[in-house]
Amino acid sequence: MSGAGAVFEPATGDGPPGPDPVADPAAAERRAAEVRVAYEGLLQIRRLTTAGGGDPAAAPAAWERGQPVRAVALALEAAGVPPSALGADGGRAATGYRVSPGERPGQVRVEWLGPPGGGAAQDEEAALSRCARVLERLGWEALLYRGPRRRRFLEVEPIPAPTT
């Protein structure tokens with residue numbers, strides 16, 4: 001979570017757990033407000049940079065194309081999809097999405113991870129399908145693949161920028 005003067009960072013799934021809404025409702029609400037403001041900022045960038053005043057949800061803006069991990073993580077967090085998290089010991093402490101750079105520039109990988117024995121593997125197809133729907137509504141192409149140990153993941157890329 002960002003503090004005073006800190007830059008907002010969307011949850012990629014590789015950070016510490018977010019604020020617990022039961023244990024610290026005020027911190028959880030602050031985080032939710034930060035996410036809403038950042039997401040509205042992203043949509044405003046799209047509105048201002050979309051050629052011909054088209055639909056701002058139609059395609060990622062240049063900013064998003066330059067920082068796809070942050071853009072995809074923000075979209076997922078703003079949609080209410082829970083991020084995974086790492087505990088103090090470096091192990092998975094929460095089940096959710098993990099966004100990381102893909103194999104090619106501009107590509108992102110989204111996985112569904114959780115603590116050992118937490119059921120993430122059983123939930124991954126449905127959870128990743130939800131992630132794909134969120135991203136596709138925002139102009140990202142999200143393809144579901146099966147990787148090592150038969151674990152599924154999404155490869156995510158921005159759709160081609162509209163031409164004027």
Side-chain angles (χ1 to χ4, degrees), residues 1-49 56-102 106-140 142 151-158:
M1 190 161 119
S2 59
V7 174
F8 171 82
E9 286 295 332
T12 63
D14 278 338
D20 182 338
V22 174
D24 194 349
E29 182 49 41
R30 277 193 306 275
R31 177 63 186 186
E34 290 174 338
V35 170
R36 280 191 302 274
V37 168
Y39 184 70
E40 285 303 317
L42 180 144
L43 293 179
Q44 184 64 14
I45 289 169
R46 284 184 172 202
R47 282 195 261 317
L48 294 172
T49 60
W63 174 87
E64 294 168 89
R65 293 170 190 278
Q67 299 182 61
V69 170
R70 291 182 79 209
V72 166
L74 176 57
L76 293 173
E77 190 174 2
V81 180
S84 184
L86 297 176
D89 65 355
R92 290 276 152 207
T95 298
Y97 67 80
R98 176 182 182 251
V99 181
S100 60
Q107 185 184 69
V108 173
R109 181 181 178 113
V110 178
E111 301 168 279
W112 192 257
L113 303 175
Q122 290 78 20
D123 298 336
E124 72 185 2
E125 185 171 13
L128 290 172
S129 293
R130 177 182 176 201
C131 292
R133 286 190 303 274
V134 165
L135 296 169
E136 288 166 352
R137 284 192 302 263
L138 292 169
W140 295 91
R151 294 297 306 261
R152 293 174 180 89
F153 64 93
L154 294 175
E155 276 189 2
V156 181
E157 295 179 311

**Q** Are Arg92 and Asp14 side-chain neighbours, meaning at least one heavy-atom pair lies under 4.5 Å?
**A**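 With C-beta onward as the side chain, the pair touches.
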**Q** Counting N and O atoms only, with roles assigned by atom type, does the side chain of Glu29 sit under 3.5 Å from a partner on the main chain of Ala26, one being a donor and the other an acceptor?
**A** no
**Q** Is any side-chain heavy atom of Trp112 less than 4.5 Å from a side-chain heavy atom of Gln122?
**A** no
**Q** What are the two closest heavy atoms between Leu113 and Ala120, and how far apart are they?
**A**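 So the minimum-distance heavy-atom pair works out to C-CB, 3.7 Å.
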**Q** Ignoring hydrogens, what is the shortest heavy-atom contact between Cys131 and Leu154? Give both atom names and the distance.
**A**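 Looking at all heavy atoms of both residues, the shortest contact is CB-CD1, 3.8 Å.
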**Q** Is a donor on one side and an acceptor on the other found under 3.5 Å between the side chain of Arg47 and the backbone of Leu43?
**A** yes
**Q** With distance as the sole criterion, is a donor-acceptor pair present between the side chains of Arg98 and Ser84 under 3.5 Å?
**A** no
**Q** Do the side chains of Arg151 and Glu111 get close enough for a salt bridge, i.e. N-O under 4.0 angstrom?
**A**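 Not counted as a salt bridge, because no side-chain N and carboxylate O are separated by less than 4.0 Å.
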**Q** Side chains of Tyr97 and Leu128, heavy atoms from C-beta outward: is any pair under 4.5 Å?
**A** no
**Q** Has Tyr39 got a side-chain atom pairing as donor or acceptor with Ala79's backbone, closer than 3.5 angstrom?
**A** no
**Q** Working to the nearest 0.5 Å, report the span between CH2 of Trp140 and CZ of Arg65.
**A**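 With rounding to 0.5 Å, CH2 (Trp140) is 7.0 Å from CZ (Arg65).
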**Q** To check you understand the geometry: which heavy-atom pair defines the closest contact between Gly114 and Thr95, and what is its length?
**A** CA-OG1, 3.5 Å
**Q** Which distance, rounded to the nearest 0.5 Å, do you find between the CG of Asp123 and the CZ of Arg152?
**A** 11.5 Å
**Q** Quick check: does any side chain N or O of Glu64 sit under 3.5 Å from a backbone N or O of Ala71, one acting as donor and the other as acceptor?
**A** no
**Q** Could you tell me whether a side-chain N or O of Arg70 sits under 3.5 Å from a main-chain N or O of Pro10, the two making a donor and an acceptor?
**A**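 No.
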**Q** If you compare all heavy atoms of Ala28 against all heavy atoms of Pro21, which two are closest, and at what distance to 0.1 Å?
**A** CB-CA, 3.6 Å
**Q** Please find the pair of heavy atoms, one from Ala93 and one from Pro115, that lie closest to each other, and give the distance.
**A** C-CG, 3.9 Å
**Q** When rounded to the nearest 0.5 angstrom, what is the spacing between CG in Leu74 and CD in Glu9?
**A**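 Here the interatomic distance stands at 10.5 Å.
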**Q** Of the non-hydrogen atoms in Val108 and Val69, which two are nearest, and what is the gap between them?
**A** CG2-N, 3.8 Å
**Q** Nearest 0.5 Å, please: how far is CZ in Arg36 from CD in Glu34?
**A** 10.5 Å
**Q** So does Pro19 get a backbone contact from the side chain of Arg30, meaning a donor-acceptor N/O pair under 3.5 Å?
**A**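 No; zero donor-acceptor contacts below 3.5 Å.
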**Q** To the nearest 0.5 angstrom, please state how far the CG atom of Leu76 sits from the CZ atom of Arg130.
**A** 9.0 Å
